[in-house]
2 protein chains.
Amino acid sequence: MDAVIPQSLDDTESCLVRNISHYLALDTQDLQLVESLERDVTSRGAGECIQAAGKPVRSLFALRKGWVRASLIDADGRRQVTRTYMPGDVIGLCELASPITTVELHACEDVELCPFPKSALQSVLTQSPRLAATLLALSSRDQIIYMDLLRAIGCMPAMERVMFLLLTWLSRVRVTNHMEQNWFKCCMTQSEIGDLLGITNVTVSKELSALEAANFITRERKKISLLRIEEMSLITRYENRYDVFDTSWFPEVRPAN
Amino acid sequence: MDAVIPQSLDDTESCLVRNISHYLALDTQDLQLVESLERDVTSRGAGECIQAAGKPVRSLFALRKGWVRASLIDADGRRQVTRTYMPGDVIGLCELASPITTVELHACEDVELCPFPKSALQSVLTQSPRLAATLLALSSRDQIIYMDLLRAIGCMPAMERVMFLLLTWLSRVRVTNHMEQNWFKCCMTQSEIGDLLGITNVTVSKELSALEAANFITRERKKISLLRIEEMSLITRYENRYDVFDTSWFPEVRPAN
DNA sequence: CGGTCTGTTGACACTAGTCAAGTGTCGTGG
DNA sequence: CCACGACACTTGACTAGTGTCAACAGACCG
């Protein structure tokens, strides 16, 4: 099953469940397993550090509300933002193989997240092969997302990088909101965007202004609207990684065990 | 268990087993499962295409011999090499969530690889939670590797990028060879290295010559030796991702099932 | 031995970085 | 309600690191 399985689910339920259900039907036992990961909730204010790098403390998070950014920091202050997480994402699949934290996490705005220990994955792995496959698939898609960013930074001039990022954010926002909006609220400063795209804040400012002048986008406050999505997708050869999810290789539902 | 578990294993056995055993003790049943993934072997000559992008054909590979490179290709010829694989690596964990291939794979030299279908993962997921955890951990480390490359391309000037790549390759070669050698045979052309680091072949040539002139490296034919590893690691803030592997959260060995 | 591919080197162009001054926005407190 | 300060963003002038182009040298293969 490559296609998206759209489902209208109760808004009050777990954000992680909603995200996974977007791609996969969950049975009762799986539902309980996923929900058990979201038992605890903590919140952080805009700009707060959620996780520092190099610390042994180890928790994964399910993101419930707000944007989170992940970054690698150099001793001499150079910073590479590697990722933005949005509601429904599992934060920390990249940390599983490492005994200490490798990335820093910051709240881009007021956020709510559900921490759970690495060891909570044990019950998932032993009790639900399908959820284990889902985790593998999520981690797999994360890899593709990093590769897309690599292509942007490695191959594109500044303006295309900015276009690429706008398209990426819009695609991701549409997954959460289940609607075909053409705008989103940008929660990152231009300096942070620059650190994500390998350019400076000055260049980000100039390119955004140029995109606005060329009628590719409009801006008001933090809201960015994309006016010519098709055209921008062609220019950057953008591929939406969120609209397909191959589950054909997943184990059967509830094998005898 | 963070530490590497060095083990001297029979050279004739599965390369994948050897790689995994580097980090994790496998019981008989797990061994058989892993070995079953390496039942088939195919070989490709230097430069041959192993997998094209955008095709529905779907196989993962265990790499047995030689280097393989993965790349994303633009319609207009721009190319981003995203990864080099070396013997013992599982190729294709990034493709699990996608119904069609996203990256191209090429043999950097004569290679041997063991293809297995995605569906072969079903038995791993249902029969061995520990191996499932291992796959997750491998995918997790892959993510870190992409992030490191992102940091290199996004934050470093050309010379540091080259240093970073040399250190990365050396670390990886040392895993396979179980020895503290300070050199490796470079199987990629300078154009390919450029496409990996987001610079041109001309710049790669100039930076390598400069590194040699500054006595950081020596070159003879395809062999590159690193003379001042510590110094280069400091300059690039290099972290070896191959010498730790956190298995503390793995499920117990052979749970009753 | 000749053709092809890879790597080297220099001249020049250009994108994006750096620096700096100025404007706009937001939150706080008087 | 307004004044102030902090921070984000804008804009221009100048600089510098890489890219581009091109000619050439060296390695490899048939």
Side-chain angles (χ1 to χ4, degrees), chain A residues 45-48 67 69 74 76-81 106 108-110 152-165 185-214 217-224, chain B residues 45-48 67 69 74 76-81 106-110 152-166 185-214 217-224:
Chain A
E48 271 189 74
W67 289 23
R69 66 171 190 274
D74 265 1
D76 58 350
R78 294 182 301 191
R79 176 177 59 166
Q80 178 66 43
V81 175
H106 288 268
C108 297
E109 54 184 333
D110 291 351
I153 298 182
C155 298
M156 297 181 190
M159 165 153 303
E160 290 183 26
R161 295 188 204 184
V162 174
M163 282 185 178
F164 166 84
L165 182 62
K185 175 168 154 263
C186 175
C187 300
M188 282 174 57
T189 68
Q190 292 182 355
S191 292
E192 289 157 2
I193 293 174
D195 289 340
L196 177 54
L197 294 177
I199 52 184
T200 61
N201 56 341
V202 177
T203 302
V204 172
S205 173
K206 285 173 178 167
E207 298 303 342
L208 279 174
S209 300
L211 281 175
E212 198 167 24
I217 64 171
T218 60
R219 289 182 289 173
E220 40 176 319
R221 328 286 277 135
K222 293 181 170 178
K223 177 178 169 180
I224 300 180
Chain B
E48 271 188 75
W67 290 22
R69 66 172 191 274
D74 266 359
D76 58 350
R78 293 183 300 191
R79 175 178 60 164
Q80 178 65 44
V81 175
H106 288 268
C108 296
E109 54 185 333
D110 291 351
I153 298 182
C155 299
M156 297 182 191
M159 165 153 301
E160 290 183 25
R161 295 188 203 182
V162 174
M163 282 183 178
F164 167 84
L165 181 64
L166 298 179
K185 175 168 153 261
C186 174
C187 300
M188 282 173 57
T189 68
Q190 293 183 352
S191 292
E192 288 156 2
I193 293 173
D195 288 340
L196 177 54
L197 295 177
I199 51 184
T200 61
N201 57 340
V202 177
T203 302
V204 171
S205 173
K206 287 174 177 167
E207 299 301 343
L208 280 174
S209 299
L211 282 175
E212 198 166 25
I217 65 171
T218 58
R219 290 181 289 173
E220 41 176 317
R221 326 287 277 137
K222 294 182 170 179
K223 178 178 168 181
I224 300 181

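Chain A is the first sequence line, chain B the second, and so forth, proteins listed ahead of strands; every chain is numbered from 1.
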Carboxylate-amine/guanidinium contact B/Arg78 A/Glu160, below 4.0 Å: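 Yes, charged N to carboxylate O under 4.0 Å.
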Note: A/Glu207-A/Arg161 ion pair, threshold 4.0 Å (strictly below):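 Salt bridge absent between A/Glu207 and A/Arg161.
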Starting at [atom1] of [X] and ending at [atom2] of [N], how long is that distance when rounded to a whole Å?
| X | N | atom1 | atom2 | value |
| --- | --- | --- | --- | --- |
| B/Asp195 | C/dG7 | CG | P | 12 Å |
| A/Ile193 | C/dG17 | CD1 | P | 14 Å |
| A/Glu192 | D/dA8 | CD | C1' | 11 Å |
| B/Arg161 | D/dG17 | CZ | P | 13 Å |
| B/Glu207 | C/dT8 | CD | P | 12 Å |
| A/Gln190 | D/dC7 | CD | P | 17 Å |
| B/Leu208 | C/dT9 | CG | C1' | 14 Å |
| B/Arg79 | D/dG19 | CZ | P | 15 Å |

Heavy-atom side-chain proximity of B/Met188 to B/Val81 below 4.5 angstrom: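 A side-chain contact exists here, since the closest heavy-atom pair is under 4.5 Å.
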Just call it for A/Gly194: base, sugar-phosphate, or nothing, with non-hydrogen atoms closer than 4.0 Å on any strand.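 A/Gly194: no heavy atom of the nucleic acid under 4.0 Å.
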Across the strands shown, which category fits B/Gly47 at heavy-atom distances under 4.0 angstrom: base, sugar-phosphate, nothing?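 B/Gly47: no heavy atom of the nucleic acid under 4.0 Å.
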Does [X] place a side-chain N or O at less than 4.0 Å from the phosphate oxygens OP1/OP2 of [N]?
| X | N | answer |
| --- | --- | --- |
| A/Thr203 | C/dG17 | yes |
| B/Thr200 | D/dT18 | no |
| A/Arg219 | D/dT10 | yes |
| A/Ser205 | D/dA8 | no |

D/dA22, C/dA16, D/dT11: which one has an atom nearest the side-chain heavy atoms of B/Val202?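 Closest nucleotide among those given: D/dA22.
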Could you work out which one of C/dA16, C/dT6, D/dT18 sits closest to the side chain of B/Pro157?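 Given the options C/dA16, C/dT6, D/dT18, the side chain of B/Pro157 is closest to D/dT18.
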Of A/Val162, A/Leu165, A/Ile199, which meets side-chain contact (heavy atoms from CB on, under 4.5 Å) against A/Ile193?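 Of the listed options, the one satisfying the test is A/Leu165.
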Is a side-chain N or O of B/Glu109 found less than 3.5 angstrom from the main chain of B/Trp67, in a donor-acceptor match?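 Side chain of B/Glu109 to backbone of B/Trp67, a donor-acceptor pair under 3.5 Å: yes, one is there.
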